[in-house]
Each structure stands twice: as structure tokens, then as C-alpha cells.
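In this chain, residues are counted from 1 in sequence order. Bear in mind that the values here come from a model prediction, so they are computed numbers and not experimental data.
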Amino acid sequence: MQILAIESSCDESAVAVVDSESRHFSHEFISSQAAVHRQFGGVVPDLAGKEHRNALPELIGRWRGSDSFVPPNVVAVTVGPGLACALGVGLDVAKELANFYGCPLLGINHLRGHALSPLIPLWLENRPWSDLFPHLGLLVSGGNTLLFTVDENFNANVLAETVDDAAGEALDKGARMLGLPYPGGPPMEELARSGNPEAYHFPRAFTPSIMKFSFSGLKTSLLYLLRKMQIDEIERHKADLCASYLQAIGDALVKKVDYATKKLKPRSIGFSGGVSQNDMLRRKMEAVCSRQNLPLLLTPYPYCGDNASMIAFAALVDGSHGEKSPCRFHPKLQL
Ligand code: KG4
């Protein structure tokens with residue numbers, strides 16, 4: 001079975017095909033809009049919709065024009081959560097393609113795509129995964145911060161989410177205050193490598209046992225600190241500021257993972273979403289897993305940020321959870 005997947009929930013237009021028999025992904029095309037939104041310091045929804053309208057037909061053309069093109073058996077599309085004007089473009093394109101090829105259309109929850117993505121390497125290598133459940137997952141992206149469990153039937157249960165900003169959003173906004181370009185995670189990580197994570201103390205909201213995340217106080221705390229500093233002082237201490245800010249985010253995330261692991265005794269831990277590309281956070285998650293003697297399933301780097309392969313994979317793993325023949329999108333869909 002060939003599943004064609006389309007992703008357009010935020011600022012990445014993406015197309016991918018998964019072949020269920022040969023267990024491989026093909027035609028993995030992504031067009032990022034980061035450069036377009038950078039000048040505004042964040043994603044501008046109307047521009048995102050316009051960019052998807054330009055990019056998706058081009059990506060679909062590349063897939064159809066390739067030598068290995070095979071008509072799909074299923075078209076899967078992200079139906080939410082995400083920006084309404086961005087999701088709508090992907091859904092329209094997917095409907096047209098499903099109609100053209102006379103195949104079923106499946107609406108996929110973007111968060112399930114991220115949540116299941118740590119399993120991709122196991123599936124590609126045809127490794128058994130039944131002994132990895134119950135699984136505890138941490139999904140950290142620009143729009144979401146979720147701690148959840150997944151049982152052997154792939155049912156997800158959210159344990160904690162953010163009450164305000166997502167961790168990635170706090171990174172992007174913090175980076176902006178420091179004069180770094182959007183998206184802020186990568187340049188902040190780069191600077192943090194040469195900084196001292198103990199140089200500044202930023203607040204960690206909620207103790208680990210409280211099943212909520214919050215990152216807006218952290219952001220405000222950086223703002224107030226920067227207001228008290230001279231411009232040249234900020235420049236001189238930028239690496240320390242980045243390292244300390246990332247450390248506060250990392251502590252808030254990982255301590256809750258640690259607590260939930262002790263309480264719930266999962267058999268594996270997963271880490272996914274755009275922010276999971278951060279090496280310092282990966283090392284912190286590795287430390288939790290090695291302390292608890294549990295396998296850590298890290299989403300491979302190419303599948304951390306928004307991409308269509310994870311949507312194809314979610315459609316393959318749990319097509320029955322998908323919405324058959326979706327006629328509308330759901331900007332506020334939950335995991
Ligand atoms: O999952 P994702 O691509 O998109 C959405 O949430 O839609 O995640 C994007 C987020 C941004 O906040 C970006 O700054 C962050 O992932 N990010 C990183 C890194 N790479 C991307 N954060 C920390 N370290 C990184 N290396």
C-alpha cells in the first residue's frame with residue numbers, strides 16, 4: 001500500500017509517500033517558510049496560507065514527475081491542530097488528489113504524527129515493539145508541549161500540557177529578545193554550547209509532581225533581566241543567557257518526565273517535536289532513561305520538525321484513528 005501524506009499545519013509544506021510492504025519512505029519533500037516569516041519574528045498566518053498555496057502544487061508536481069511515481073492507495077492529510085488558513089490549503093489539495101486517484105482520504109491528527117514518530121526507526125528496521133508499551137512520550141514543538149502515555153493499542157492519554165506558551169514558543173520569543181533570528185531554537189542552541197548554564201537563574205514553574213507546564217514566566221523573567229542590562233553587557237553574556245534559558249526549559253521538561261516515569265513505570269520513553277532536535281535536551285532525556293534503565297526512543301532528526309513522513313506513518317500505524325473522508329479541518333484538535 002502506498003500512502004501519500006500532506007502536511008501544512010504551520011510554516012512547513014511537506015509531502016511524503018510511505019510504502020507499507022517495502023517499509024520505506026519516498027518522495028520526502030519539505031518546503032520551509034522560515035525565511036519568509038523571519039523578517040516578522042514569527043509566523044504570519046495569512047502569509048503561511050499563501051506560501052502553502054504556492055509550495056504544495058510544486059511539491060506534488062515533483063512527486064508526480066519522478067521516475068518512481070506510483071499512484072497512491074490512500075491520501076492522508078493533517079487536519080489539525082494548526083493554523084486554519086494553512087490546514088485548509090493542505091486539505092483542499094488532498095481532497096483533489098484523492099478524488100483524482102479515486103482513493104480514500106484520511107484526516108490525521110498532527111500531534112499523533114509527532115507522538116508516534118519515535119517508533120519510525122523500529123518500523124523501518126522491522127523490529128518488534130510490543131514490549132515497549134506502555135510508552136511515555138514527551139512532545140515539544142513550537143506550538144505544543146505534551147507529556148502523554150501510549151498503550152499497546154496506540155491510544156494516547158495526555159498527562160500534562162502547557163497552560164500558556166509552548167516550550168518552543170518560549171525559545172523563539174526568548175531568542176527574539178536576544179536579537180536572534182526566527183526560529184530561535186537553533187541559534188540559541190548554537191550560542192548555548194559555549195555558555196554557562198548556571199550563570200543566570202530563571203524560574204521553573206510548577207514542581208515536577210504538578211502535571212502542568214508553563215513557560216510564560218520564564219519569558220517574562222528574561223525580559224526583566226534584559227531590561228536591567230546594558231546592550232554591551234547582553235552581547236558579552238549572550239552565550240550564558242542562552243545556556244541558562246535552555247537549562248531552565250530543559251529542567252522543567254525533564255524533571256516531569258522523571259517524576260512520571262517513577263510513578264507510571266512505562267517500558268520506554270519517547271522524545272519528539274521540533275525542539276527534540278536540541279542536543280542538550282536529548283542528553284538530559286538520555287540521563288533520565290539510563291537512571292531508570294529504560295530504552296529512549298528519539299525521533300530521528302529529519303522527522304522532528306513538521307514533516308509529512310510522520311503523517312504518513314501515523315496513517316499507516318493507526319489509520320482507524322484517522323478521520324475518514326474529512327470535509328473540514330480542526331485548528332484546535334487535541335492529542
Ligand atoms: O515541530 P516544529 O517544527 O513546529 C511546530 O511547532 O509547528 O517545532 C518548531 C520549534 C521552534 O520553536 C524551533 O525554535 C524549535 O522547534 N527548534 C529547536 C531546535 N530546532 C528547532 N529548539 C531547540 N533546539 C533546536 N536545535
| request: Could you tell me the separation between the CG atom of Leu316 and the CD1 atom of Ile108, rounded to the nearest 0.5 Å? | output: 10.0 Å
| Hey, mind stepping through Leu119 and Phe154 against side chain to side chain contact (heavy atoms under 4.5 Å, CB included) and telling me if it holds? | CA-CA 11 Å; Leu119 296 172; Phe154 302 104; 3.8 Å; yes
| query | Hey, would you say the Phe40 and Tyr182 ring centroids sit under 6.0 Å apart? | reply | no
| message | Ignoring hydrogens, what is the shortest heavy-atom contact between Val75 and Cys103? Give both atom names and the distance. | response | CG2-SG, 3.7 Å
| request: Please check if the side chain of Arg328 supplies one atom and the backbone of Pro326 the other of a donor-acceptor pair under 3.5 Å. | output: no
| request: For residues Gly80 and Leu333, report the shortest heavy-atom separation together with the two atoms involved. | output: O-CD2, 3.4 Å
| So which heavy atom on Tyr245 is nearest to which on Ala170, and how close? | OH-O, 2.8 Å
| message | I'd like to know if the side chain of Asp240 reaches the main chain of Gly195, judged simply by a donor and an acceptor atom lying under 3.5 Å from each other, with no hydrogens or angles considered. | response | no
| message | Go through it in stages, so that I can follow the logic: the residues are Val15 and Leu56, the test is side chain to side chain contact (heavy atoms under 4.5 Å, CB included), and I'd like the CA-CA distance, side-chain angles, deciding distance and then a yes or no. | response | CA-CA 8 Å; Val15 165; Leu56 279 176; 4.1 Å; yes
| message | Check this for me: does any side-chain nitrogen of one of Glu286 and Arg282 sit under 4.0 Å from a carboxylate oxygen of the other? | response | no
| task | Spell out, as yes or no, whether a donor-acceptor pair under 3.5 Å connects the side chain of Glu161 to the backbone of Val158. | result | no
| task | Measure from the side-chain N and O atoms of Lys238 to the backbone N and O of Gly179, and report whether any donor-acceptor pair falls under 3.5 Å. | result | no
| Are any of the side-chain heavy atoms of Val79 and Leu87 separated by less than 4.5 Å? | no
| query | Is a side-chain donor or acceptor of Asp165 paired with a backbone partner of Glu169 at a separation under 3.5 angstrom? | reply | no
| Intermediate values then yes/no, side chain to side chain donor-acceptor pair (under 3.5 Å), Thr299 and Ser117 | CA-CA 6 Å; Thr299 298; Ser117 64; 2.9 Å; yes
| Have Ser13 and His52 got a donor and an acceptor in their side chains that come within less than 3.5 Å? | yes
| Is there side-chain contact between Leu147 and Leu136, with heavy atoms separated by less than 4.5 Å? | yes
| said: Tell me whether Glu233 is salt-bridged to Arg236, with the criterion being a basic N under 4.0 Å from an acidic carboxylate O. | reply: no
| So, Ser268 side chain and Leu132 main chain: donor-acceptor pair closer than 3.5 Å or not? | yes
| request: Side-chain contact test, heavy atoms from C-beta onward, threshold under 4.5 Å: evaluate it for Lys212 versus Thr162 and give yes or no. | output: no
| query | Got a salt bridge between Asp131 and Arg267, using NZ or NE/NH1/NH2 to carboxylate O under 4.0 Å? | reply | no
| Donor-acceptor pair between Glu28 and Ser309 side chains, under 3.5 angstrom | yes
| said: Please tell me whether His330 and Glu323 have a donor and an acceptor in their side chains that are separated by less than 3.5 angstrom. | reply: yes
| said: Tell me if the CD atom of Gln230 is crowded by more than 12 foreign heavy atoms within 6.0 Å. | reply: no
| Tell me, do Glu12 and Asn307 make a side-chain contact under 4.5 Å, heavy atoms counted? | no
| said: If you apply the rule side chain to side chain contact (heavy atoms under 4.5 Å, CB included), what do you find for Val140 with Ser276, and how did you get there? | reply: CA-CA 6 Å; Val140 193; Ser276 74; 5.8 Å; no
| query | Tell me, which pairs form a ring-ring contact (aromatic ring centres under 6.0 Å, His included) where one or both residues lie in residues 290-309, sequence neighbours left out? | reply | Phe25-Tyr303
| task | Quick one: sort the Phe313 and Trp129 rings into parallel, tilted or perpendicular, breaks at 30° and 60°. | result | perpendicular
| request: Give a yes or no on whether the backbone of Ala48 and the side-chain of Gln33 come within a donor-acceptor separation of less than 3.5 Å. | output: yes
| message | Quick one: does any side-chain atom of Asn196 pair with a main-chain N or O of Ala243 as donor and acceptor, under 3.5 Å? | response | no
| request: Please say whether the positively charged group of Arg112, taken as NZ for Lys or CZ for Arg, lies over the ring of Phe148, i.e. under 6.0 angstrom from the six-membered ring centre and within 45 degrees of the axis. | output: no
| request: Tell me yes or no: between the side chains of His114 and Asn144, is some donor less than 3.5 Å from an acceptor? | output: no
| message | I'd like to know if Asp251 and Lys284 make a salt bridge, using a cut-off of under 4.0 Å between side-chain N and carboxylate O. | response | yes
| Are Arg176 and Asp172 ion-paired here, with the side-chain N under 4.0 Å from a carboxylate O? | no
| Regarding Asn73 and Gln2, is there a side-chain donor-to-acceptor distance under 3.5 Å anywhere? | no
| said: If we ignore hydrogens and angles and just use 3.5 Å, is the side chain of Ser244 paired with the main-chain N or O of Leu241 as donor and acceptor? | reply: no
| field | ILVMFWY cluster, Val150 and Met211 together (side-chain gap under 4.5 Å) | value | no
| query | With distance as the sole criterion, is a donor-acceptor pair present between the side chains of Ser68 and His27 under 3.5 Å? | reply | yes
| task | Apply side chain to side chain contact (heavy atoms under 4.5 Å, CB included) to Leu159 and Leu264, showing your working. | result | CA-CA 11 Å; Leu159 303 172; Leu264 301 173; 3.5 Å; yes
| message | Can you confirm whether Met188 sits close enough to Cys242 that some side-chain heavy atom of one is under 4.5 Å from a side-chain heavy atom of the other? | response | yes
| query | Is there a side-chain contact between His37 and Leu47 (heavy atoms, below 4.5 Å)? | reply | yes
| query | How many angstroms lie between CZ in Phe202 and NZ in Lys219, if you round to the nearest 0.5 Å? | reply | 14.0 Å
| If you measure from CG on Asp306 to OG on Ser32, what distance do you get to the nearest 0.5 Å? | 9.5 Å
| request: Output yes when a side-chain donor or acceptor of Asn153 lies under 3.5 Å from a complementary backbone atom of Asn155, and no otherwise. | output: no
| said: If only side-chain N and O atoms count, and only distance matters, is there a donor-acceptor pair under 3.5 Å linking His135 with Asp151? | reply: no
| Which pairs count as side-chain hydrogen bond (donor to acceptor under 3.5 Å, both in side chains) when at least one residue sits in residues 76-97, sequence neighbours excluded? | Glu7-Thr78
| Closest non-hydrogen atom pair between Val89 and Gly49, with its separation | CG2-O, 3.8 Å
| message | Could you check whether Trp63 and Phe29 have their ring centres less than 6.0 Å apart? | response | no
| message | Pairing donors with acceptors under 3.5 angstrom, does anything connect the side chains of Asn109 and Gln334? | response | no
| query | How many angstroms lie between OG in Ser20 and CH2 in Trp123, if you round to the nearest 0.5 Å? | reply | 7.0 Å
| Shortest non-hydrogen contact from Cys85 toward Asp46 | SG-N, 4.2 Å
| field | Spacing of Ile3 atom CD1 and Leu106 atom CG [to the nearest 0.5 Å] | value | 7.5 Å
| Any side-chain heavy atom of Leu138 within less than 4.5 Å of one from Ser272? | no
| query | Looking at CG of Leu191 and CG of Leu180, how far apart are the two atoms once the value is rounded to the nearest 0.5 Å? | reply | 5.5 Å
| Which heavy atom of Pro208 sits nearest a heavy atom of Lys255, and at what distance? | CB-O, 3.7 Å
